[in-house]
There are 2 protein chains.
Amino acid sequence: MLQATHFHPALEIANTAFLGSEPNCLQALFRKQPVEHLAAGQSLFFEGDVAKHLFEVVEGNLRIFRVISDGRRVITGFLHAGDIVGVSLKNHYLYSAEAVTDTKVRRFSRKAFEAEVSNSPELRPEVFARLRDEMAAAQDQMVLLSCKDAEERLCSFLLKQLRRDPGHCRSNAIVELPMTRLDIADYLGLTIETVSRMMTKLANKGILVSAGRHCVRIMKYATLVQLSGDDDEYDGDERGLIGYAGRQRQ
Amino acid sequence: MLQATHFHPALEIANTAFLGSEPNCLQALFRKQPVEHLAAGQSLFFEGDVAKHLFEVVEGNLRIFRVISDGRRVITGFLHAGDIVGVSLKNHYLYSAEAVTDTKVRRFSRKAFEAEVSNSPELRPEVFARLRDEMAAAQDQMVLLSCKDAEERLCSFLLKQLRRDPGHCRSNAIVELPMTRLDIADYLGLTIETVSRMMTKLANKGILVSAGRHCVRIMKYATLVQLSGDDDEYDGDERGLIGYAGRQRQ
DNA sequence: CGCATGCTTGAATTTAATCAACCCTAGTGG
DNA sequence: CCACTAGGGTTGATTAAATTCAAGCATGCG
């Protein structure tokens with residue numbers, strides 16, 4: 001998965017405006033391809049399949065996940081419009097991909113993609129940038145799964161969803177949650193019951209107001225950040241000291 | 001971090017033998033650089049620092065980790081001889097790096113590295129391959145942290161350590177564990193006590209025999225694999241069916 | 001030899017999972 | 001248009017697993 005953190009559709013279109021036959025942006029590669037439609041729940045590819053294609057998400061969203069031997073599922077990410085699936089792939093898909101909602105994608109041959117990228121000095125930095133963003137996201141997820149409790153996990157998740165919207169305002173913002181509670185649970189390493197309980201707990205604290213199954217209004221952004229356990233806006237000048245405070249909290 | 005999964009030192013030296021001024025292997029870039037020594041526990045760089053250099057691990061091993069606001073530490077990986085630190089970096093280090101044991105590294109300017117790579121069509125595939133391996137490792141770690149219990153985590157860890165040794169035989173093999181229990185705990189998302197308990201549990205089952213603090217002999221490889229919860233040697237032809245079995249175990 | 005650090009073991013506590021019941025809502029068909 | 005139903009979601013009681021707290025042991029180093 002490749003989150004398009006720095007590549008908003010608007011920006012991308014601007015880039016393409018003064019562009020000849022040489023695409024200077026990854027998404028330009030996909031632009032000529034026909035749009036394919038996926039119904040909610042439909043699979044795009046399966047873990048272990050030979051990875052013949054990469055995909056650009058045009059609209060909607062995907063979950064990517066692995067299923068382990070005993071049937072447990074781990075969602076390693078959600079993909080949205082502008083994201084490209086598969087740049088980090090070897091010969092086989094490392095994970096399965098399914099549409100969460102009705103979704104449109106464009107398909108591009110992996111071989112052709114790799115040829116294009118290796119020929120274009122303009123495209124390569126973008127591929128690297130996307131890989132780096134993907135890696136950074138994976139690291140964040142490891143931190144979340146390693147040592148955050150249920151409440152922190154859910155708060156982090158909500159913030160992540162909120163920040164995907166470039167025009168989000170800090171408080172009184174609405175977060176869309178197109179995925180089910182089970183999806184959220186499998187993404188956060190929790191159960192649906194725990195996700196549900198934390199959701200009502202946050203609602204009781206007045207931090208958010210539920211607005212239907214797939215929608216939530218954030219009332220106290222700052223509190224949500226605090227509860228997420230991420231030291232955003234790092235105030236500390238003490239980074240870099242030998243050792244660290246120990247693993248206990250408080 | 002970049003694990004050198006497919007790049008054993010022996011192979012690398014063989015490659016360099018018939019090699020002109022154009023290096024055809026990433027490690028060749030580092031070869032002219034002086035070796036720097038790090039004492040056990042010494043820091044190589046800190047999370048958040050400007051990433052001016054990449055490093056090749058020549059000997060010994062490093063832990064890379066992040067420390068979150070309340071002092072908890074998450075180890076996201078261990079690095080060994082042949083690994084290169086920092087290919088997935090942005091402008092700042094995403095994590096800190098410390099020597100676990102006495103360690104030797106070579107340093108290379110990130111700018112120069114990027115220039116070399118972007119000029120060399122031979123180097124680029126290797127960079128991508130390493131990034132892909134790193135990504136795959138991160139995914140595995142997410143699966144481990146998401147849904148494995150303490151015993152499965154420790155077994156997975158031991159197997160990973162065992163498999164790093166190219167000449168490992170399946171049973172009766174010795175695994176070196178240069179890191180402390182706290183390192184293992186912070187890597188597996190557990191406490192030292194739990195790691196210790198699981199270690200003795202495996203010893204009681206006759207799966208391994210402790211041989212000092214930093215060494216373990218594996219007696220029952222197959223059992224260890226089973227307990228690790230990874231469906232290695234996948235026997236299933238049923239991958240790719242719609243849906244999945246559900247999240248319950250058994 | 002003695003201390004310090006890392007490791008192990010045990011008992012109590014806490015957190016989230018599990019098991020079970022019930023509710024709500026969207027979508028269906030009468 | 002309304003009643004019914006199925007699936008997703010919530011809530012409560014119980015259980016299990018790992019953490020926390022506490023004590024003691026071993027190993028290595030001065």
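So you know, we letter chains A, B, ... as the sequences are listed, proteins then strands, and number each from 1. Only this structure's heavy atoms are used, side chains among them; waters, hydrogens and symmetry mates stay out.
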Interatomic distance, [X] [atom1] vs [N] [atom2] [rounded to whole Å]:
{"X": "B:Asp183", "N": "C:dT5", "atom1": "CG", "atom2": "P", "value": "16 Å"}
{"X": "A:Ile192", "N": "C:dT18", "atom1": "CD1", "atom2": "P", "value": "11 Å"}
{"X": "A:Asp186", "N": "D:dG9", "atom1": "CG", "atom2": "P", "value": "12 Å"}
{"X": "B:Ile184", "N": "C:dC7", "atom1": "CD1", "atom2": "P", "value": "8 Å"}
{"X": "B:Arg181", "N": "D:dA26", "atom1": "CZ", "atom2": "C1'", "value": "12 Å"}
{"X": "A:Arg72", "N": "C:dA16", "atom1": "CZ", "atom2": "C1'", "value": "15 Å"}
{"X": "A:Lys201", "N": "D:dT11", "atom1": "NZ", "atom2": "C1'", "value": "15 Å"}
{"X": "A:Leu154", "N": "D:dG9", "atom1": "CG", "atom2": "P", "value": "13 Å"}

Quiz item: Base, backbone or nothing for each nucleotide of nucleotides 12-18 of chain D, written B, S, -, heavy atoms under 4.0 angstrom, 5' to 3'?
Solution: BB----S

Heavy-atom side-chain contact between [X] and [Y] under 4.5 Å:
{"X": "A:Gln161", "Y": "A:Glu176", "result": "no"}
{"X": "B:Leu154", "Y": "B:Thr194", "result": "no"}
{"X": "A:Val87", "Y": "A:Arg130", "result": "no"}

Quiz item: If you look at every strand shown and take non-hydrogen atoms under 4.0 Å, does B:Ser196 touch a base, only sugar-phosphate, or nothing?
Solution: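 Counting heavy atoms under 4.0 Å across all strands, the contact made by B:Ser196 includes a base.
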
Practice problem: Would you please classify the geometry between the A:Tyr95 ring and the A:Phe45 ring as parallel, tilted or perpendicular, with 30° and 60° separating the classes? | Solution: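 The arrangement is tilted - the two ring planes meet at 30° to 60°.
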
Self-check item: Short side-chain N/O contact from B:Arg213 to OP1 or OP2 of D:dA26, under 4.0 Å
Solution: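 No, outside the criterion.
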
Quiz item: Should the pair A:Lys148-A:Asp140 be classified as a salt bridge under the 4.0 Å nitrogen-to-oxygen rule?
Solution: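 No salt bridge links A:Lys148 with A:Asp140.
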
Practice problem: Give a yes or no on whether a salt bridge exists between B:Asp183 and B:Arg73, defined as a side-chain N under 4.0 angstrom from a carboxylate O. | Solution: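 Salt bridge present between B:Asp183 and B:Arg73.
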
